[in-house]
Amino acid sequence: RKFFPVRRGCDPPNLQRMWRMDEFSSLIERSFVSLVDERADARGWGKGEFAQKVWSRDNPKSAATKWAAMRSRSSNTGKPQGVLISDAQRMADVLGEDLTYLLAVAKEKARKSSQPS
């Protein structure tokens with residue numbers, strides 16, 4: 001059983017709401033990564049090629065490793081690496097698309113996937 005520190009104003013309903021918000025924000029992030037991956041594939045770019053375009057200052061191997069860490073689960077934590085806003089902007093630039101548009105599409109995908117069928 002896990003115990004969480006109780007803070008003022010964090011009664012159980014508020015904690016549940018905070019957990020749901022955290023889950024939804026993670027779902028948006030995963031939807032964004034999936035969307036970007038699909039769009040890079042549609043342009044005919046391999047995973048390493050796209051990563052090199054996004055992180056052009058890094059060596060190709062570390063760029064590919066960074067992109068792979070965002071797309072798949074870590075063996076240490078069981079979670080994928082989070083996406084920094086600066087990285088998301090670089091991805092959008094490489095794709096030639098507006099970041100806010102990509103985030104809106106990702107948010108809609110996340111909303112649809114979180115609704116019960």
Linked, directly or transitively: Val83 and Ile85 (ILVMFWY side chains, under 4.5 Å): no

Same apolar cluster (I L V M F W Y, side chains within < 4.5 Å links), Ile28/Met91: no

query: Ser72 side chain to Ala68 main-chain N or O, any donor-acceptor pair under 3.5 Å?
result: yes

task: Might you confirm whether atom NZ of Lys47 has over 12 heavy atoms from other residues, nucleotides or ligands at distances under 6.0 Å?
output: yes

query: What heavy-atom pair brings Ala63 and Ala51 nearest, and what distance separates the two atoms?
result: O-CB, 3.3 Å

Check: Glu29 and Met70 side chains under 4.5 Å, non-hydrogen atoms: no

Under 3.5 Å donor-acceptor, Thr65 side chain and Lys61 backbone: yes

message: Measuring from atom NZ of Lys109 to atom OG of Ser113, what distance do you get when rounded to the nearest 0.5 angstrom?
response: 9.0 Å

- prompt: Using 4.0 Å as the upper bound for N to carboxylate O, is an ion pair formed by Glu97 and Arg43?
  reply: yes

query: What are the two closest heavy atoms between Ser31 and Ala106, and how far apart are they?
result: CB-O, 3.4 Å

Any Asp41 side-chain heavy atom under 4.5 Å of Glu38 side chain: no

message: Would a single hydrophobic cluster contain both Leu27 and Leu84, if residues Ile, Leu, Val, Met, Phe, Trp and Tyr are joined by side-chain heavy-atom contacts under 4.5 Å?
response: no

Residue pairs fulfilling ring pair (Phe, Tyr, Trp, His ring centres under 6.0 Å) with at least one residue in residues 25-60, sequence neighbours excluded: Phe50-Trp67

Considering all heavy atoms, the nearest Lys107-Phe24 contact: O-CZ, 4.1 Å

message: Quick check for you: to the nearest 0.5 Å, what is the distance between Leu102 atom CG and Leu95 atom CG?
response: 6.5 Å

query: Are the charged groups of Arg90 and Asp87 less than 4.0 angstrom apart, N to O?
result: yes

query: Would a 4.5 Å heavy-atom cut-off, applied to side chains only, mark Lys66 and Gln81 as touching?
result: yes

message: Just so I know, are the side chains of Pro80 and Val33 near enough to count as touching, which here means a heavy-atom distance under 4.5 Å?
response: no

task: Show the numbers, then the answer: is there a side chain to side chain donor-acceptor pair (under 3.5 Å) between Ser34 and Asp37?
output: CA-CA 5 Å; Ser34 174; Asp37 195 34; over 6 Å; no

